[in-house]
Each structure stands twice: as C-alpha cells, then as structure tokens.
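Taking it in order: structure first as structure tokens, then the write-up.
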Amino acid sequence: MSPGPTAYLTEKCVVRNRDVNGGKAVIAREPIAPGELVAVWSGRIVSAAELDDLSPAIRRHTVQVDEGLYLASLTADELPDFINHSCSPNAGLRGQIAIVAMEAIEASTEVTIDYAMCDGSPYDEFDCACGSHACRGRVTGEDWCIPSLWTRYAGHFSPYLERRIQRLQQARLQPRVRRKRTLLAAVDGATGNPA
Ligand SMILES: C[S@@+](CC[C@H](N)C(=O)[O-])C[C@H]1O[C@@H](n2cnc3c(N)ncnc32)[C@H](O)[C@@H]1O
Ligand SMILES: [Zn+2]
C-alpha cells in the first residue's frame, strides 16, 4: 500500500500551473480566514553539505528549518512545496513547517509567503517575479535581516530566524542604551546629581 502524501495542504487550495514563476503555484479555491492553517511541509532533515547531493527538483522544494538544517521533500510533488514567494505575501510561517493565512485570502488568489520568513542561507536565491509594488527584485538568504520585515511579519518567522532577529535587535539597542547612559551621566554631571 502506498504511504500517500506526507505533507498537508488544506482542501481549500489547489496546485495550478503559473507561467510567471516558471512553475506551479498554490491557489485558494475557497476563502481562507486570517490565522487559518493552510499547509504543513514534510520530508527528511538534511545538512547543508547534503543539499548538493539532492536532485534539482527536490533541492528546489527544500526549506531551511534551523541553523544548518533543511527539510527536503521525499518526492517532488508534495503539494505545499508549490507555495511561491511574494514580497507582499498573504501567508506566513507558524513554527518551522506550518503555514497560516496572515490575512483573509479570497478564492482564486495565489497563496504566497515571503521566503525571508524561512530562509537564512543562500541555498535558494533568484530574481523575483512576484510583481508586487514592494518587490525587492531578488530573493536572497539575507532578506530576513531587513528590519522593516521584522514588524511586518512578527510571529511569522521560523523560530531559528526569530532567535537571530532577537540577537540583532539586542545588538542594535546596545549602543543606544550606552549612549543614553552617557547622556544621563552628562546631564547629572551638569546638574550636580550623582550619576
Ligand atoms: C518551493 S518552489 C515553489 C514552487 C515552484 N513554482 C515550482 O513549481 O516548483 C521555489 C522555487 O520557485 C521559484 N519561485 C518561487 N517564487 C518565485 C518568485 N516570486 N519569482 C520567481 N521565482 C519564484 C524559484 O525558482 C524557487 O527556487
Ligand atoms: Zn518580489
């Protein structure tokens, strides 16, 4: 008996051909509510070194799930793997492998995520054809570093990227705190208050 698909795609979506991205896409065929679960990726965990041994079709359907760890699909036809990138996405990650709607998605609309939510290394970089007004032009493994995305996608980054972002935010705050302390010390010094 065939084990069947290992990944999950809500029955509210279908996979269709879409020429603009040179491949297929996931399209809603019924309205999807904000926060609703759309898909769950599956596969086996591989290291960065093992990525090079994967066939192009499987490599294309691989997602980074932690530092140096990637989820590679078992077959090239797992339905959630056809979710494309958009620089103005309507869905985002919940945890490492689940995808939820970030807003109400109408029927006949393509379901997209921003690959900045999951990719933290340069294993899947390409020129973007999302066509959105906010298009970054190129999708890279460093897009998660863009501060404007941190608030826009709060709660929808993969957990390992959330940790990286927290560290970056702390590092960005450090000099400001030090600057404030210096300023306070300077003011207290000027008014005669003990620092
Ligand atoms: C996980 S697959 C997405 C499904 C893909 N369309 C397919 O049919 O296999 C990721 C690949 O799709 C293509 N892709 C996804 N979003 C894209 C976009 N906005 N612009 C251009 N290519 C995109 C890139 O080649 C990327 O490596
Ligand atoms: Zn784009």
Side-chain angles (χ1 to χ4, degrees), residues 5-10 12-29 32 37-46 48 50-66 69-103 105 108-153 156-158 160-161:
T6 56
Y8 168 80
L9 181 68
T10 171
K12 292 184 177 181
C13 289
V14 281
V15 171
R16 292 217 186 106
N17 283 322
R18 186 170 185 270
D19 291 340
V20 66
N21 290 341
K24 296 178 178 174
V26 169
I27 313 288
R29 56 180 175 185
I32 300 174
L37 182 68
V38 174
V40 184
W41 287 312
S42 78
R44 70 186 180 95
I45 302 297
V46 299
E50 287 171 292
L51 278 179
D52 292 336
D53 300 332
L54 300 175
S55 71
I58 295 291
R59 193 188 152 94
R60 188 178 160 89
H61 290 176
T62 298
V63 63
Q64 186 165 0
V65 289
D66 213 313
L69 294 178
Y70 302 78
L71 182 68
S73 290
L74 300 181
T75 65
D77 56 3
E78 294 287 359
L79 299 180
D81 291 343
F82 294 101
I83 295 176
N84 286 314
H85 161 92
S86 171
C87 301
S88 297
N90 51 20
L93 264 67
R94 187 165 73 196
Q96 291 155 308
I97 58 169
I99 291 157
V100 296
M102 290 200 300
E103 59 191 53
I105 301 175
S108 305
T109 305
E110 180 176 355
V111 175
T112 55
I113 61 169
D114 188 328
Y115 289 2
M117 297 166 176
C118 45
D119 289 349
S121 59
Y123 70 102
D124 183 24
E125 299 189 325
F126 51 88
D127 291 334
C128 187
C130 78
S132 93
H133 62 284
C135 184
R136 300 194 292 273
R138 183 147 177 88
V139 177
T140 81
E142 292 183 349
D143 292 352
W144 66 272
C145 298
I146 301 170
S148 61
L149 302 185
W150 300 345
T151 35
R152 199 161 144 208
Y153 304 149
H156 293 294
F157 280 96
S158 194
Y160 84 97
L161 289 177

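In listed order, ligands and their atoms are each counted from 1. None of the values given here were measured: they were computed from a predicted structure.
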Problem set entry | D124 neighbourhood, listing ligand 1 atoms whose heavy-atom distance to it stays under 4.0 Å | 26 (C), 27 (O)
Problem set entry | Distance filter under 4.0 Å to D81 heavy atoms, resulting ligand 1 atoms | 1 (C), 2 (S), 3 (C), 4 (C)
Exercise. I83 to ligand 1: N or O pair under 3.5 Å?
Worked result: no
For this session: List every atom of ligand 1 that sits less than 4.0 Å from any heavy atom of H85, numbering the atoms from 1 in the order shown and giving each element.
Result: 15 (C), 16 (N), 18 (C), 19 (N)
For this session: Evaluate the side chain to side chain donor-acceptor pair (under 3.5 Å) criterion for residues D124 and Y115: first the C-alpha distance (whole Å), next the side-chain angles of each, then the deciding distance (0.1 Å), finally the verdict.
Result: CA-CA 9 Å; D124 183 24; Y115 289 2; 5.5 Å; no
For this session: Mind listing the protein N/O/S atoms less than 2.8 Å away from the Zn ion (ligand 2)? Waters don't count.
Result: C87 SG, C128 SG, C130 SG, C135 SG
Exercise. With a 4.5 Å heavy-atom cut-off, do R152 and S88 have their side chains touching?
Worked result: yes
Exercise. Relative to ligand 1, is F126 under 4.0 angstrom through side chain, backbone, both or neither, heavy atoms considered?
Worked result: side chain
For this session: For A57 and A76, work out which heavy atoms get closest and say how close.
Result: CB-CB, 4.0 Å
For this session: Using the side-chain contact (heavy atoms from CB on, under 4.5 Å) rule, take N90 and I32 through it: C-alpha gap first, then chi angles, then the decisive distance, then the call.
Result: CA-CA 10 Å; N90 51 20; I32 300 174; over 6 Å; no
Exercise. So does R29 have more than 12 non-hydrogen atoms from other groups sitting under 6.0 Å from CZ?
Worked result: yes
Seminar exercise, completed: On a heavy-atom basis, the closest approach of I97 and V65 is CG2-CG1, 4.1 Å
Exercise. If you draw a 6.0 Å radius around CD in E103, do more than 12 non-hydrogen atoms from other residues or ligands fall strictly inside?
Worked result: yes
Problem set entry | Heavy-atom nearest neighbour of atom 9 (O) of ligand 1 within options E78, H61, R136, K24 | H61
Problem set entry | Any donor-acceptor pair under 3.5 Å from E125 side chain to G141 backbone | yes
Seminar exercise, completed: Taking every heavy atom of V26 against every heavy atom of C13, the minimum-distance pair comes out as CG1-CB, 3.7 Å
Exercise. With a cut-off of 4.0 Å, which atoms of ligand 1 are near a heavy atom of D127?
Worked result: 20 (N), 21 (C)
Seminar exercise, completed: Of N84, D114, D119, I113, the one whose closest heavy atom lies nearest atom 5 (C) of ligand 1 is N84
Seminar exercise, completed: Under 4.0 Å from one or more heavy atoms of G23, ligand 1 contributes atoms 6 (N), 8 (O)
Exercise. Side chain, backbone, both or neither: which part of R18 comes within less than 4.0 Å of ligand 1 when only heavy atoms are counted?
Worked result: neither
Exercise. Which heavy atom of V38 sits nearest a heavy atom of Y8, and at what distance?
Worked result: O-CE2, 3.9 Å
For this session: Please could you name the atoms of ligand 1 that C128 approaches to less than 4.0 Å, counting only its heavy atoms?
Result: 19 (N), 20 (N)
Exercise. Looking at residues at least two apart in the chain, or sitting in another chain, which of them share a side-chain contact (heavy atoms from CB on, under 4.5 Å) with S121?
Worked result: Q64, Y70, Y123
